[in-house]
Amino acid sequence: MTELPGETTRKLGLVIDLDTCVGCHACVISCKGWNTENYGAPLSDQDAYGEEPTGTFLNRVHSYEVQPDIGPAQLIHFPKSCLHCEDAPCVTVCPTGASYKRVEDGIVLVNETDCIGCGLCAWACPYGAREMDGAEKVMKKCTLCVDRIYNENLPEEDREPACVRTCPAGARYFGDFADPESNVSRLTRERGGIELMPEQGTRPVNRYLPPRAKDRMAETQTPQLESVGADLPGFLGWLDRALDRL
Amino acid sequence: MNPAASVIAFTSLSGLGFGLLFWLGLGFPAVTGWVAFVFFALAYLLSVGGLLASTFHLGHPERAFKAFTQWKTSWLSREAWTSVATLLVMAAFGAGLVFAGIALAPIGWLGAALSLLTVFTTSMIYSQLRTVPRWHQPLTPVLFLSLSLSGGALLAGMTSVAPWLLVVAGVIQCLHWWRGDQALASSGTTLATATGLGEIGTVRSFEPPHTGGNYLTREMIYVVGRKHARKLRVIALLLMVFLPAVLLLLPFSHALAALAVISHLTGVITSRWLFFAEAEHVVGLYYGKRT
């Protein structure tokens, strides 16, 4: 049923460090690579080599410019995927029960054999975390790599979401937010992890670590170069005066 | 939001059809036999036609029956139940009128109540969405209900009340536009809250995730239609309310009544197109497509 569980035993989710992310899109590619050939329908592309290529992605990286009152603008890369909300509006709107939130770990999933492709869950999500696949016509979303994290056929270090495993900058963390001493809970506490669109009332599980305060450039600028005077001696002086006369 | 033809057809036609069923259920007009058959056939063509159109919007229409399962939480599922219940109850009432010439009044009243409930559940599919501030207002169900009631009265040939119901619907439509125009700004959702970066300074979208479009930009970030929004609002009001009301106040003729119905339906479709095309989904903020 699409009733949300009152409380989940664990709250698995991601912490994304906006201070560290370099915007390389490796998480986007590894996500597509893993999820197109594992859980559920593949993530299709349409017109991949044509005029207007488009495709299904479960994770996308935006880039924002933030202009503080004083000092230079900052460029912040912003990876965005499902936030596995505690009050997930995408789950309750689903007419068929295809969308659900797991009681054991809080992961929001789609049972693709029940999905009628009405798209209402994507309308209900404020974050744009759900995309209807253009070929399969079912709703696709981040599964938190549910087929990796419990997969005993994989080496232990690979039992985390593909995006976290691949991030070359170490900007992504995976863990249990229900455990106050987990890596993600401590990072959120220590770095003031932020919740996206809190006014939407979705209570997202994933948190974003804001960029640390930047160093300020010294007030004194690089000293101006001495201006070249007219009293230059020798050949250069003659050349300067000759060019002036032209 | 993308104004998909199937969804516009669905909400416009089924709204009218269930509006007509409401009045028929109350016994207006009090018809029996063949005349009743024609009225009921029209109501069923509109309501069932609309419901069928809505299934064209689905990626997997063959699984549509699964939409009956989640009535506890989903307005879409509730709509499936109320629409089928209405059609069944009104079929019993209509059969009494057409074949036996008797009005089973309590069944008619039940059918009328269910008709309104169906239109209400349709409107709640949109009104429940906090992500689309223009829809997320109490006036959305009021608008859908008033249009359904007035359009139904028009189809039922109730020339005495229909013009006044149309005027009421027109006023509610204007209020809905007026409130809707301020809805995104007053929702409190901005690019600053969407990114959580507002504490640092003014946030601007520097670069989208990709150079092309995607499902989200096609489905939820529709910008084409806003250019003529103001003109279309005037056209919608003229066709939906003004012209049919005037035609109904003239001495009755079937030709004028048909013209009034066609004008009203065209106006409702225009209004419904704007309902989608003007609606801004907050995900547009992430793509720098909204202020």
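Sequence lines set the chain letters: A, B, ... in the order given, protein chains first and strands last, and positions in each chain run from 1.
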Contact origin within [X] toward chain B - heavy atom pairs under 4.5 Å:
| X | answer |
| --- | --- |
| A/F78 | side chain |
| A/C118 | both |
| A/P210 | neither |
| A/E112 | backbone |
| A/T113 | backbone |
| A/V93 | both |
| A/E52 | neither |

Do any N or O atoms from the side chain of [X] and from the backbone of [Y] form a donor-acceptor pair under 3.5 angstrom?
| X | Y | value |
| --- | --- | --- |
| B/R130 | A/A124 | no |
| A/Y64 | B/Y286 | yes |
| B/T69 | A/T96 | yes |

Would you give the length of the straight line joining atom [atom1] of [X] to atom [atom2] of [Y], rounded to the nearest 0.5 angstrom?
| X | Y | atom1 | atom2 | answer |
| --- | --- | --- | --- | --- |
| A/Q200 | B/T193 | CD | OG1 | 8.0 Å |
| B/E219 | A/E131 | CD | CD | 11.5 Å |
| B/Q128 | A/W123 | CD | CH2 | 10.5 Å |

For chain A, which residues from residues 81-89 of chain B lie under 4.5 Å away (heavy-atom distances)? none
Are there residues of residues 59-66 of chain B whose heavy atoms fall under 4.5 Å of chain A's heavy atoms? If so, which? B/G59, B/H60, B/R63, B/A64, B/K66
Residues 167-176 of chain A: residues contacting chain B (heavy atom under 4.5 Å, by number): none
Residue-level contacts of residues 20-50 of chain A with chain B, using a heavy-atom cutoff under 4.5 Å: A/H25
Greater than 12 external heavy atoms within 6.0 Å of B/Y44's OH: yes
Establish, yes or no, whether a centroid distance under 6.0 Å links the rings of B/Y287 and A/H62. yes
